[in-house]
Protein chains: 4
Amino acid sequence: MRGVNKVILIGNLGRDPDVQFLEGNIAVAKFSLATTETFKDRAGKLISQTEWHTVVLWRGLAELAQKYLHKGSLVYIEGRLRTRSWEDKEGNKKFATEVVGDNLVMLDKRMDVGNGDHAISHGSGSSTGQQSGPGHHGEGFPGIEIPPMGEAADDLPF
Amino acid sequence: MRGVNKVILIGNLGRDPDVQFLEGNIAVAKFSLATTETFKDRAGKLISQTEWHTVVLWRGLAELAQKYLHKGSLVYIEGRLRTRSWEDKEGNKKFATEVVGDNLVMLDKRMDVGNGDHAISHGSGSSTGQQSGPGHHGEGFPGIEIPPMGEAADDLPF
Amino acid sequence: MRGVNKVILIGNLGRDPDVQFLEGNIAVAKFSLATTETFKDRAGKLISQTEWHTVVLWRGLAELAQKYLHKGSLVYIEGRLRTRSWEDKEGNKKFATEVVGDNLVMLDKRMDVGNGDHAISHGSGSSTGQQSGPGHHGEGFPGIEIPPMGEAADDLPF
Amino acid sequence: MRGVNKVILIGNLGRDPDVQFLEGNIAVAKFSLATTETFKDRAGKLISQTEWHTVVLWRGLAELAQKYLHKGSLVYIEGRLRTRSWEDKEGNKKFATEVVGDNLVMLDKRMDVGNGDHAISHGSGSSTGQQSGPGHHGEGFPGIEIPPMGEAADDLPF
DNA sequence: TTTT
DNA sequence: TTTT
């Protein structure tokens, strides 16, 4: 990688998520998210400003959105920007920038997830899906983010 | 700047904030914040892992913490890492790493702030405190983040 | 604020910045930024994927862009998403999502800035521009992010 | 997950990385990273402030650090905070806060990596290590972050 | 349209 | 202990 493309949002869903299933039973969720920032201008007047984002979630995260998110839900979304372009029937060039989420935290329901993919059967059978996101580890083979620092600290010469 | 030092936390306060006032009536708040990440290990077992952070807030943010935060509050904190070192009475070198917050969003109370400094009398009188953080603007002199894009869009040759 | 709207990008400028000056001599810079991520797919093949973003900078940051950035420059941009909509002459609804930057770090030139606004004469004369961004402090009145922790540590009862 | 614990740093290595191999041939790299922020105080004087962080990398990222990083290297690190505590021989309680990195971008060498783990043989054989980080996809089974938006866009009813 |  |  020679780049970073990261978005962090906290806001409320404008509507229930729109969830579709593609071939292979792959879930895709889409919803609008409003992030509202309030501040005082120089005159001391409270100003509120809302920005709307299109959020897209895939697979496990999409299924979680379907199960747990609804209009008004407060969520934390971490993801990356993706701009798609196409031409409509009249031949007009169209652009849409979306936030493709790879982490989701539900902030009003006391429930949440890491990279939801880990909870989903991959179909490919042997997949063990070790994602980064929050941090995952294995049994005999601890993952990257949760190294055996506790027990194995003695092995560390630092 | 040739560097970036940024921390983003969402978690719960372990205790009520400890708020002190220094000379000049400058507020400083300090509290422990627990960030808990849950995930499945390779065996599919749900693992929960909590990390504790020391958060320090100054001035307006400290006063907001005093007013609105308490043990258990769920907050979003954005700030930077700061490590202090000193020697205790026995001459042992001690280190403490803290997160100095410059943005705070309260996630269970439906109330929150940008860079709290803007809401606070600066004592220096003329202070006009134009902060970045969330975005602020003035009257005759619009701020950086909230440019007159709406009205002035026609002026923009892009 | 009841929301967070944050974008972090590292990438290269596709062209020299386009800088304009609005009424009041306010600078606005605009440029395309490519963020490229490379990774291996499941077959082990190296995949490179580039996303293009429109970055907008105001005032001091715009002037810095004009002075120091050019086609190919590698930069770190921190900002927020802003979607504008309008109708073109044919009455087609158009959308454009931009990243309004409030922090900039130049990564190939060994020079960089915080929230550039502080380094720029505001014309309004009295401006004292205390921004958050990196951290600023004053003389008799230290700022939020750089509290007198060093000297004043003894005052702190923590 | 009911929490977020995220750190983003850009800075220079103070020394060459210290790389160790644990049982199972698991690499661990450790180094100090200096993040320097420069700004003007209220008097207009340029102030430079350096913070030192301890960064820990595991497995693939550690091996990349060993191969490509050295004293002075400029890097982007994304990770999470982890505080360890122990007692030294005199029975003094000690704390150390580290940044456990799960993404690394080299900014002076024109070379870089995603979550390096994907490039590393896991030894456990069957591991397929699909991490989030930058975004990964497969052949017949596209990953989360790089969905077949291009081709499959027609399948999307949005 | 960038970069490696 | 880095870097500009």
Side-chain angles (χ1 to χ4, degrees), chain A residues 1-5 81 83 85 93 95 158, chain B residues 1-5 81 83 85 93 95 158, chain C residues 9-18 29-40 46-55 64-65 68-77 98-99 104-114 119 134, chain D residues 9-18 29-40 46-55 64-65 67-77 98-99 104-114 134:
Chain A
M1 180 181 37
R2 249 317 284 301
V4 170
N5 175 357
L81 288 171
T83 298
S85 70
K93 187 89 173 185
F95 293 89
F158 302 120
Chain B
M1 176 180 37
R2 252 314 289 301
V4 170
N5 174 358
L81 287 171
T83 298
S85 69
K93 186 88 173 184
F95 294 90
F158 301 121
Chain C
L9 304 175
I10 294 180
N12 301 280
L13 274 73
R15 290 186 180 286
D16 289 355
D18 184 352
K30 200 166 188 170
F31 55 82
S32 281
L33 189 75
T35 57
T36 301
E37 301 180 298
T38 307
F39 54 93
K40 286 189 181 159
L46 257 190
I47 304 276
S48 189
Q49 182 172 288
T50 295
E51 193 69 26
W52 286 94
H53 312 85
T54 299
V55 175
L64 281 153
Y68 299 111
L69 299 186
H70 50 80
K71 177 175 172 172
S73 293
L74 181 66
V75 294
Y76 166 93
I77 295 282
E98 300 160 340
V99 174
L104 162 67
V105 180
M106 301 177 219
L107 295 169
D108 38 19
K109 321 197 57 109
R110 266 73 225 289
M111 200 265 145
D112 52 78
V113 302
Chain D
L9 305 174
I10 294 181
N12 300 279
L13 274 74
R15 290 186 180 287
D16 290 353
D18 184 351
K30 201 166 189 170
F31 54 83
S32 281
L33 189 75
T35 57
T36 302
E37 301 180 299
T38 308
F39 54 92
K40 286 187 181 161
L46 258 191
I47 303 276
S48 188
Q49 182 173 288
T50 295
E51 192 71 24
W52 286 95
H53 311 85
T54 300
V55 175
L64 281 154
K67 276 188 224 155
Y68 299 110
L69 300 186
H70 49 82
K71 178 176 175 173
S73 293
L74 180 65
V75 294
Y76 166 93
I77 295 281
E98 300 159 341
V99 175
L104 161 66
V105 180
M106 301 177 217
L107 294 169
D108 39 17
K109 322 199 55 112
R110 267 70 225 291
M111 200 264 145
D112 52 74
V113 302

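Proteins get letters first, then strands, A, B, ... in listed order; numbering begins at 1 in each.
dT3(F) atom C1' lies 4 Å from atom CG of N12(D), rounded to whole Å. Protein atom CZ of R15(D) is 5 Å distant from nucleotide atom C1' of dT1(F), rounded to whole Å. Here the P atom of nucleotide dT3(F) and the CG atom of D108(D) are 10 Å apart, to the nearest Å. Counting to the nearest Å, the P atom of dT1(F) and the CG atom of L33(D) are 16 Å from each other. Here dT2(E) presents its C1' atom at 14 Å from CD1 of I77(C), a figure rounded to the nearest Å. In this structure, L9(D) places its CG atom 21 Å from P of dT1(F), rounding to the nearest Å. Computed from coordinates, the M106(C) CE to dT4(F) P distance equals 15 Å when rounded to whole Å. One interatomic measurement links the two molecules: OH of Y76(D) to P of dT3(E), which rounds to 22 Å at whole-angstrom precision.
Look at W52(C) and the base of dT1(E); the rings stack, centres closer than 5.5 Å and planes less than 30° apart.
The residue from L69(D), L9(D), D108(D) that alone fulfils the side-chain contact (heavy atoms from CB on, under 4.5 Å) condition with V75(D) is L69(D).
Across dT3(E), dT3(F), dT1(E), the shortest atom-to-atom separation from the side chain of T36(C) is found for dT3(E). Set against dT2(E), dT1(F), dT3(F), the side chain of A34(C) has dT2(E) as its closest nucleotide.
Nearest-nucleotide positions on DNA chain F place S32(D) closer to the 5' end than the other of S32(D) and S48(D).
Without hydrogens or angle criteria, H53(C) side chain to L33(C) main chain gives a donor-acceptor distance under 3.5 Å.
With sequence neighbours excluded, no residue forms a side-chain hydrogen bond (donor to acceptor under 3.5 Å, both in side chains) with S48(C). S32(D) pairs by the side-chain contact (heavy atoms from CB on, under 4.5 Å) definition with W52(D), not counting sequence neighbours.
Across all strands, T50(C) comes closer than 4.0 Å to base atoms (heavy-atom distances).
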